[in-house]
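Read through the structure below, which is laid out as structure tokens, and then see the notes.
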Amino acid sequence: MVNFEFSEDEIRFRDSVREFAKRYIEPKWVEIDEKGRIPLDLIKKMGEQGLFAIPVPEEYGGMGGTMVMAAIAVEEIAYHDPSVAVAVYALLNNGWPLALALFGQEEAKMEILPKVASGDAFFGIASTEPQGGSDVAGIKTVAKKVGDKWIVNGEKSYISGVREIQELPEGGGFFFIAKTEKAVWSHKRITAFALLPKWNGKIKPGWKPTVFEEIGRHGISTGGFTLENFEIEDKYRIGEVNKGFYLVLQGFNIARTLVAAATIGSARWALDRAKEWLTTRKLFQGRPIASFEGISFKFAELYTELEAARYFVYKAAWMIDNTYLTKDPKFKPYDLNLPVAMAKLKAPEVTTRIYEEVLKWFGAYGYTKDCNLYRGWLGTFSYTIGAEGAQNIMRYIIARDVLGSEAVRNVWVKEEE
Ligand SMILES: Cc1cc2nc3c(=O)[nH]c(=O)nc-3n(C[C@H](O)[C@H](O)[C@H](O)COP(=O)(O)OP(=O)(O)OC[C@H]3O[C@@H](n4cnc5c(N)ncnc54)[C@H](O)[C@@H]3O)c2cc1C
């Protein structure tokens, strides 16, 4: 049976997130973007409100909710902080904790997830390296097994949350991937770990972070780090040795769905602002500018496109719930690649188009800092550029899954065995 409605529980949940975001996030979002920081007490409050680890089972301190609920929360948060910094913080700390809950070892899950859920620690993703993020099989960071520990050397770049880890009371870390033993180009030599550079309030030796200056979504940091003989206990290994590539891609499917939810929340805010402006801005003898078809028809197109993007987001979230949470045997992890790639392709690009039009509709005022639309434009553009996966990689996944991998081979596939 097809059902396009949220359940009563989901509506109640959406209303509670909306009320929270209106009260605690909306009054601060400009200051957060201006000062480049989400206040730690806001992160803590969000933890208390149950806005992190929503789809993580309660036994690990999560809310025992669903990905549909996580998407609802992220969309609402982004509506009230259209620069999306707070939504990005929330989406990372919902998506990657779920990936850890699905694939991590029991001891690590019990140790890490409750602290992330409460807002005392951060848990994001560290995959990208300076030589190119799209080529995951080409990562060069190496983890070598020595006794019951892994010794890691390498560098990660453009990683969200590097500063927050240092500032949060407990610290935190990342779903992290490294080449097992040696750095050859291969999908089959990657192992995943929970990397915790600061844990229990202490920074571990061998981790050197830097923070980059970005053009948007200033409230959450993006930086890089080097690892020099950094030690990881084997209990923090996620999944089997050399299976990390397949696990991180499943994590990306979860996180990309929430990325798409964040961008549509911000875009909805921009269109709501446009609605108000187009009906009250009057020109040519008192006509609202909405009366010019050059504007209202474009508005109608973008409104429709945004609604289409929302369907992609919630369909992908619903499929993830069926795959991992209710474990319906009809749903397989591999089948998520196509709907998630379509959501991640569509939502950020529609959002960018919406901002570009709405900014123009506001005329010169749109170009001022006072108008604040630019904060949403630059913040969400991080996902059109390619955070959580470049848009061409989404196109590649869609083309590969529809046309077949034999026909669509734009990546080099020869591997050393
Ligand atoms: C704000 C921000 C936050 C980020 N946070 C994180 C994070 O928390 N953790 C993390 O691991 N990474 C993070 N990233 C990095 C992100 O995952 C990468 O930017 C992304 O994977 C692309 O990698 P790249 O930037 O190195 O570009 P490249 O991979 O070098 O790609 C460059 C260009 O080539 C195109 N391209 C690449 N391969 C192909 C192909 N096969 N076919 C066609 N076109 C292709 C891409 O679309 C892109 O336009 C973040 C990035 C940004 C901007």
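Just so it is clear, the model here is predicted, and its values are computed rather than measured. Residue numbers count from 1 along this sequence. Order of listing sets the numbers, starting from 1, for every ligand and every atom in it.
In this structure, R256 contributes its side chain and A341 its backbone to no donor-acceptor pair below 3.5 Å. Side-chain N or O atoms of K344 include one that pairs as donor or acceptor with a backbone N or O of Y383 at under 3.5 Å. With hydrogens and angles disregarded, a donor-acceptor distance shorter than 3.5 Å links the side chain of K156 to the backbone of S127.
For ligand 1, one of its N or O atoms has an N or O atom of S134 under 3.5 Å away. In terms of N/O distances under 3.5 Å, ligand 1 is not approached by I159. The N/O atoms of T222, backbone and side chain alike, include none that comes under 3.5 Å of an N/O atom in ligand 1. Of the N or O atoms in G133, one or more lie within a sub-3.5 Å distance of an N or O in ligand 1. Where the criterion is an N or O separation shorter than 3.5 Å, residue side chain and backbone included, E129 fails it with respect to ligand 1. Residue-to-ligand polar distances place Y158 within reach of ligand 1: an N/O pair is separated by less than 3.5 Å.
In this structure, the ring of Y314 has its center less than 6.0 angstrom from the ring center of F6. You'll find the ring centres of F122 and Y89 inside the 6.0 Å limit.
Scanning for salt bridge (charged side-chain N to carboxylate O under 4.0 Å, His left out) contacts around R281 gives an empty result, with sequence neighbours left out.
The contact set between ligand 1 and A390, taken as ligand atoms under 4.0 Å from a residue heavy atom, comprises 46 (C), 47 (O). Heavy-atom proximity to E214, at under 4.0 Å, picks out these atoms of ligand 1: 1 (C). Atoms of ligand 1 lying under 4.0 Å from any heavy atom of E388, numbered from 1 in the order shown and given with element: 17 (O).
For G124, the closest heavy-atom approach to ligand 1 does not fall below 4.0 Å. Look at K156 and you'll find every heavy atom at least 4.0 Å from all atoms of ligand 1.
Considering each of G386, A255, G223, the one bringing a non-hydrogen atom nearest atom 16 (C) of ligand 1 is G386. Relative to atom 30 (O) of ligand 1, the option among A387, G132, S127 with the closest non-hydrogen atom is G132. Between atom 45 (C) of ligand 1 and the options D135, I177, N392, I220, the minimum heavy-atom separation is to N392.
The pair D335-K332 does not meet the salt-bridge criterion, since no charged nitrogen lies less than 4.0 angstrom from a carboxylate oxygen.
A parallel orientation is assigned to the rings of F299 and Y303, their planes being inclined by less than 30° (bins at 30° and 60°).
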For residues 222-229, which side-chain donor-acceptor pairs fall under 3.5 Å, sequence neighbours excluded?
residue: T222; atom: OG1; partner: E214; partner atom: OE1; Å: 3.0
residue: T222; atom: OG1; partner: E214; partner atom: OE2; Å: 3.0
residue: N229; atom: OD1; partner: N153; partner atom: ND2; Å: 3.1

